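Lettering of chains follows the sequences in order, A, B, ..., and the numbering in each one begins at 1. If you're wondering where the values come from, they're calculated on a predicted model, not measured in any experiment.
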Amino acid sequence: MASVAELKEKHAAATASVNSLRERLRQKRERLLDTDGEASPPPPSARELKRVARYSKTQGRAAVSFNSTDLVCCRTLQGHSGKVGADELTLISLPQFWRSILRTGDRQVISMGRLPFQVLSWLVVYSLDWTPEKNWIVSASQDGRLIVWNALTSQKTHAIKLHCPWVMTCAFAPNGQSVACGGLDSACSIFNLNSQPDRDGNMPVSRILTGHKGYVSSCQYVPDQETRLITSSGDQTCALWDVTTGQRISIFGGEFPSGHTADVLSVSINSSNSNMFVSGSCDATVRLWDIRIASRAVRTYHGHEGDINSVKFFPDGQRFGTGSDDGTCRLFDMRTGHQLQVYSREQDRNDTELSTVTSIAFSISGRLLFAGYSNGDCYVWDTLLAEVVLNLGNLQNSHDGRISCLGLSSDGSALCTGSWDKNLKIWAFSGHRKIV
Amino acid sequence: GFPPPCLSRNPSFLGRVILLAAAAATLSSPAMAAAAGDGAGDFSFAAEYDGPPLPYSLPRAIPLDLSHIPLASLSSPPASPSASSSPLPVVRPLTPSSLCSTVHSHAHPVPRSAAPAPAGGAAVVDSPTSVIENHHAAAHHSAELPSSPSDVEGPDEAGRPALPPKPHQPVVTFAETSGSLLQTSDDEDEFEEEEDDDDDDAAARAARPRAAGQTSGSFSPAHIESGSRRGAKSRGCYKCGKGGGFWSRGDKESCLACGARYCSGCVLRAMGSMPEGRKCLECIGRPVAESRRDVLGQGSRVLRRLLSAAELELVMKSERECPANQLRADDVYVNGLSLLSEELVILQGCPCPPPRLRPGFYWYDKVSGFWGKEGHKPHCIISPNLNIKGFLHQKASNGNTGILINGREITKSELQMLKLAGVQCAGKPHFWVNADGTYQEEGQKTVKGKIWDKPIVKLLSPVLSLPTPNKAANQCGEEAVHMVNRAVPDYLEQRTVHKLLIVGSGASTILKQVKYLFMDKPFTVDEREDLKLIIQSNIYNYLGILLEGRERFEEEASNDRRKISQCDPSSSGRDESGFCDGTTQYSLIPRLKAFSEWILKAMALGNLEDIFPAASREYAPLVEELWKDPAIQATYKRRNELPFLPPAANYFLEKAVDISRPEYELSDMDILYADGITSSDGLASTEFSFPQMPFDAQGVDEYDPQDALIRHQLIRINNRGLHENCKWLQMFDDVRLVIFCVAASDYDEYYEDANGTIVNKMIESRQLFESIVLHPTFEQMDFLLVFTKFDLLDQKIDKSPLTSCDWFDDFTPLLSRNLMNGSSRSTRSSHSGATLSQMAVHYMGVKFKRLFRSLTERKLYVSHVNALDQASVLSVIRYGREIVKWEEEKPVFGASETTYSEEPSSYLADV
């Protein structure tokens, strides 16, 4: 018994030291990131602000002046920390970001019309994905079916009954010929849409990817590669699969110390460099992975205070957005690891319960961020100014239940939202406004 | 160490933006034009393009001349509700010459030469997104509709042209549009309320769905209003007003519920994604018109043209199968009683169902299978012996012949046929006729003959319009009753499957037992193969744990010996030989030692599973040798000190050689003992239904037609993935009961959690229990707590007191003298009636009940089980079923709840 007590004591001491180290690490990180006002050094110098303004002028965008209030918001983008290195990095990365915004976003073409053109009715929807080319949507719902919709005619083209009805994610292959889905059966099933249904009208599974030890929370095909698929799972890992052979090519996380320490809920693959992907997890961190180096995470991004439900790469592939249980969306710079912007809704209404962000998507220029919330709101954020442009949840004909998934069509012309009210709705940019 | 910033522009990105701008221009013609008129300019809608010249011409939108668009003006709501006899706003149909042609000219493929086209520019390039656009226009259109005058309107006025156009206000930013929409829908609400006040006719109200959303809601009042007139008058497309009486069959599609007709251009917009088949949006959820039931699921030419074959098939499938389109059981009366929905399923699912079943009154002769309308002669012969309530009435077919068949007085034509069949009918006999056509006279045993034997009967029956049996009816016979494992139609599946969620330790064993209990083939070949792999690789896991233990014990032993030899020099000489080469009883011979080190290394690297299923055969002899080695056996004797060795290890290690062979066949016991169900060990589920006659016939009121259709689904989830904020538990909100398993033997077992602290397993179970009970999804859920591994508890309760778990420190069993003097320790004591282990389970149950009550203020059901024993599993599952049933009936019994509540919540079910 004495030895057990001794061991316990030793263990407690070790735990304490680990915790203190963690705390120190956290403080250090906070000092470096310095994104929030409280402990931060003085506001950005006028020089910085002028820089941006001057830059806009050189781009012939003088009329598009970001007035002083706008620039205040941009403060969070610029870090002033004691460390020179970090400061430099910030300066390097910021104009880049501004440039892309100024060039593409132009003059805040940010009003979005309301135009749900069809209501696709189905059971509680958990996940959806668009085809890259055709205007098809695949959605997964609680009744254990995958439905492939034609978004233009709003008709179902395929209804696939699943072996395991508890499905959490679905994805279209880049060529639009097959769909993948995964859920609580800890496997990812691939269906070829061209295959003939069997006698009972059920679509045969063309491949089952097994190997995860927890539920499959998210899956995405590697762009331009029909045969590669990345999944994330409740077993704290992500995996890269070869769909044709059904083999797991590599596992990200798990035993390796730099992996996630809780369920991974979401992955997003960089569109400009498909070797890189990020994963968001219940451990409130996002990790960046290189699919060629499975052994360790390239980088870990801290900042959120709750489970990260959704990650999505910014269209330029240099940044990514996250949506979390703490009710905020954040924008991170991939290379520097800095948190560029926080999109947090003020709790003005007397909601005692914090509504969590369930899913996010960027418009194709990146100027708009669509975020679905668990209370049924769907905010359109101006990514640059961190202001709410529109709340789709307040519009007529909006969803009654929690928004569970969002997806933008590949040409950016329409947004599809799926909800627990059993519907998918498609919202299109309407009127004369430019798609941003 | 960061890559240099990329300062050059990204040309491809820029190109994409231009394209998009072009797409936006294509997309947006009328609205754009309209908004140009608005000119409010609180935003600029296009950026000046200053890039390189484009190689193609951009599509352009030419502004509409707004003054030429005739539009109806907004009506003011009626001054007072009582003043207006027909308070609903009614839309006049739009004539071709007015609004629709301009707004929709690009939407309809049908060219309309008559239509003046003031807005020639609206002939937009048809982009692939034109449906979006069309709908957009429709949204405007429909927004406008209710605003036309809503005074009294007769059917004859329907064709009249719309009111002279009013100068139209510029169409507006989108914010404004939505504002005006809000306005209109508010108005409708008002109208509907008035209507409800005036009109008490429930049917009329039922036919008028509330405005649901913007698009559907805004034109629904008008729509419904004229629903009654639709049949009477031939008119155009209900949405665009085109077509008049001239269109051919192939050009229109009508709503199954209200009969509104739409032209091919409008049908997709009017019907949306057709979740219930061809119904307009606002009719979704309403039953189909009975006259149109025949066309359910029969594709139309219009849709075939508009949709691809696969799409059409899915629409038709949902049209046939969605619940709203099904015959309502309440409307079908058989033998004087309206059917229950389950009975309707039986009726329609039987081998020879009554053809073209419609709402109405029917009689059904269970013995012979005769089926007919009440007051009429038999119409057909359906499957006999269907389990339908109600008794056949003598006057069911309104006969006056005085001759009874199965208690029904037959009609004249039947009598004629009987005579033809050579049946003696003198003296008004009463007959029994069976399904196969044999008949007996009432009260007599002998079969007098078969009605259908004579060919003339079959020939003449059609003449008398009497039915003859078809072959299937005869074959089905008694089997019709046993439809337990029949496929339930999709639309009923959701309703009749009771889902039971089972979590916790031992849950997978219970699930496997349930498979054995209720399924003919409990495990498929693949599943067995999976389990085999699990067992084979587990062998090495168990060995690894033993080997680790061995190393520890060896070290300890040699340390002890060293100490002894140091403090007791006298013994050193004696032990010299043993001490020198360091062998203890835990030492292995070198060959085995190498093998053991290899296994341990593989375990440490975590790739044990990758290596071993493949290698298992190769090393089988080694494994056996290792297991039989005295060192391992000595280690195994001290297995109490090896917390990670599962109790099943012994069972499998004993037959390690067998298991390692490639041709190893799993026995049922192996499957039960095996750890987990599938290789991924995620979620597992099985569906079953209780056989109609339960295994023991004790239940007097067991039989219930509803039970036959109820299927249960037992879903096992792995507690490894469970934690407090477990999101995916939300998926189980339709579960009826959560069965939470706690291993009763856990109270003195410990494990090491992720932080390395030692946790009592019972405490851990309690934490898991708390987090699941408090999970928002299970707020109102019933819980059944099951103590598993009762047999293990029984074995060890004497050796290890229950109080070794902190939570149970106040367990002070009142032991009878019999127990105290040790005569019957763990056997059933004759006096107290309870063994120590039973008391312990009882006590733990109370602990959990108190916890549950403090958390939820509700009652917890508790039971215990020995999962290796089929009977005890069956009783637990039946107990679970009773709980679900009882919870269902609780609202019915309401007042008598107190008397009922005692029974199911008694501490322990009879096991």
Report the residues that fulfil salt bridge (Lys or Arg N to Asp or Glu O under 4.0 Å) with E311(B), sequence neighbours left out, ordered by chain and then residue number.
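E311(B) satisfies salt bridge (Lys or Arg N to Asp or Glu O under 4.0 Å) with no other residue.
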To the nearest 0.5 Å, tell me how far L312(B) CG sits from T157(A) OG1.
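L312(B) atom CG to T157(A) atom OG1 measures 13.0 Å (nearest 0.5 Å).
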In Å, rounded to the nearest 0.5 Å, how long is the span from CZ of F732(B) to CG of L184(A)?
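If we round to the nearest 0.5 Å, F732(B):CZ and L184(A):CG are 5.0 Å apart.
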Are the side chains of W166(A) and S685(B) in contact, using a 4.5 Å heavy-atom criterion?
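The answer is yes; the side chains approach within 4.5 Å.
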Side-chain heavy-atom pair V315(B), K156(A) within 4.5 angstrom cut-off
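No - every pair of side-chain heavy atoms lies 4.5 Å or more apart.
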Name the region of I715(B), side chain, backbone, both or neither, that has any atom closer than 4.5 Å to a heavy atom of chain A.
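The side chain, not the backbone.
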If you compare all heavy atoms of H158(A) against all heavy atoms of L314(B), which two are closest, and at what distance to 0.1 Å?
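Heavy atoms only, the tightest pair is N-CD1, 3.4 Å.
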Could you tell me whether Q713(B) atom CD has more than 12 heavy atoms of other residues or ligands within 6.0 Å of it?
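More than 12 within 6.0 Å, yes.
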